[in-house]
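Below is one structure, written out as structure tokens; comments come after it.
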Amino acid sequence: MDNSKSSADDDVHLYFLKLALDEAKKCEPTPTAFCVGCVIVVKPSSGPSESNANQVLATGYSRELPGNTHAEANALAKAYACDASDNTSAETSSSPSSIETLLSLADVYTTMEPCSVRLSGLSPCADALIKAKIKRCFIGVGEPTDFVDCEGAQKLIDAGIPVIWVRGLEAECLAVARRGHSQV
């Protein structure tokens, strides 16, 4: 078995998770919520293209948009708001794809497991990712039980969305997520 592809894939996943960490670091810390970052990535379809590399479709971080918003919800909102016809990653050999098609081909990189319950009453991020029919979800660290018992990864799996736990940045993802929390 050739491990070079696996190693290259690992490097790509770490790269995009580090981009998500950069997003999380933009988040205003608060003692009652996590600082999470998210990156939505699309690989151009086969056909005439200058690059066959993955491209960032949208990014987001916790509380970036008004209304106690979460990273994944913000990235999805920004993806839906973009004009797919202007998005180079949306181009196929003959016509641009809809944002719904792009999201169905997209990988989501998030520093923390998408929430499965919201104390605020807003829709959980796991539900939003399922509704968007994303292709796969790459997660940096599971959500600790600081506020709620999270079952976001299991919700995604139950909906048929593969969940991949990216190893190597768990401590950093957790440290960034807990910025602003009192030390116990």
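All residue numbers refer to positions in the sequence shown, counting from 1.
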Q) Rounded to the nearest 0.5 Å, what separation is found between the NZ atom of Lys25 and the SG atom of Cys35? A) 12.0 Å
Q) How long is the span from the CG atom in Leu102 to the CD atom in Gln55, to the nearest 0.5 Å? A) 10.0 Å
Q | Derivation of the side chain to side chain contact (heavy atoms under 4.5 Å, CB included) call for Gln154 and Asp158 | A | CA-CA 6 Å; Gln154 190 59 53; Asp158 291 347; 2.7 Å; yes
Q. Closest approach of Cys137 and Ile139, non-hydrogen atoms and distance?
A. SG-CG1, 3.8 Å
**Q.** Side chain proximity check, Tyr15 to Asn54, heavy atoms < 4.5 angstrom
**A.** no
Q.
I want to check something: taking the side chain as every heavy atom from C-beta on, are Val12 and Leu14 in contact at a cut-off of under 4.5 Å?
A. no
Q) Any donor-acceptor pair under 3.5 Å linking the side chain of Glu64 with the backbone of Tyr61? A) yes
**Q.** Residues Thr59, Ile40; criterion side chain to side chain contact (heavy atoms under 4.5 Å, CB included); working and verdict
**A.** CA-CA 6 Å; Thr59 62; Ile40 301 174; over 6 Å; no
Q) Which atom pair, heavy atoms only, marks the closest approach of Leu65 to Ala77? A) CD1-CB, 4.1 Å
Q. So, do Arg179 and Cys27 sit near enough that their side-chain heavy atoms are less than 4.5 Å apart?
A. yes
Q: Can you measure from CG (Leu21) to NZ (Lys18) and round to the nearest 0.5 angstrom?
A: 9.0 Å
Q.
I'd like to know if the side chain of His181 reaches the main chain of Ala33, judged simply by a donor and an acceptor atom lying under 3.5 Å from each other, with no hydrogens or angles considered.
A. yes
Q: Could you tell me whether the side chain of Val108 reaches within less than 4.5 Å of the side chain of Val41, counting heavy atoms only?
A: no
Q | Intermediate values then yes/no, side chain to side chain contact (heavy atoms under 4.5 Å, CB included), Val36 and Thr110 | A | CA-CA 7 Å; Val36 178; Thr110 183; 3.6 Å; yes
**Q.** Closest heavy-atom pair and its distance - Cys150, Glu113
**A.** SG-CD, 3.6 Å
**Q.** Sidechain-backbone polar pair: Arg167 side chain, Asp10 backbone, donor-acceptor under 3.5 Å
**A.** no
Q. Is it true that the side chains of Thr101 and Ser104 contain a donor and an acceptor less than 3.5 Å apart?
A. no
Q) Parallel, tilted or perpendicular: which fits the ring planes of Phe138 and Tyr109, with parallel below 30° and perpendicular above 60°? A) parallel
Q. Got a second to check how far Lys43's NZ is from Leu57's CG, nearest 0.5 Å?
A. 16.0 Å
**Q.** Distance, nearest 0.5 Å, that separates CG of Asn68 from OG of Ser62
**A.** 9.0 Å
Q: Would you confirm whether Arg63, through its side chain, and His70, through its main-chain N or O, come within 3.5 Å as a donor-acceptor pair?
A: no
**Q.** Set of residues satisfying side chain to side chain contact (heavy atoms under 4.5 Å, CB included) with respect to Val141, sequence neighbours excluded
**A.** Met112, Glu170, Cys173
**Q.** Closest approach of Cys82 to Ile99 (non-hydrogen atoms, all atoms of both residues)
**A.** SG-CD1, 4.0 Å
Quiz: residues 125-135 side-chain donor-acceptor pairs under 3.5 angstrom, not counting sequence neighbours:
{"from": "Asp127", "atom 1": "OD1", "to": "Lys155", "atom 2": "NZ", "distance (Å)": "2.6"}
{"from": "Asp127", "atom 1": "OD2", "to": "Lys155", "atom 2": "NZ", "distance (Å)": "3.3"}

Q: Grab the two heavy atoms, one from Gly60 and one from Ala75, that are nearest each other, plus how far apart they are.
A: N-CB, 3.8 Å
Q: Can you measure from CD (Glu23) to CG (Leu17) and round to the nearest 0.5 angstrom?
A: 12.0 Å
**Q.** Closest heavy-atom pair and its distance - Ala153, Trp165
**A.** CB-CZ2, 3.6 Å
(Q) The test is side chain to side chain contact (heavy atoms under 4.5 Å, CB included); show your working for Thr111 and Cys38 and say whether it passes. (A) CA-CA 7 Å; Thr111 57; Cys38 178; over 6 Å; no
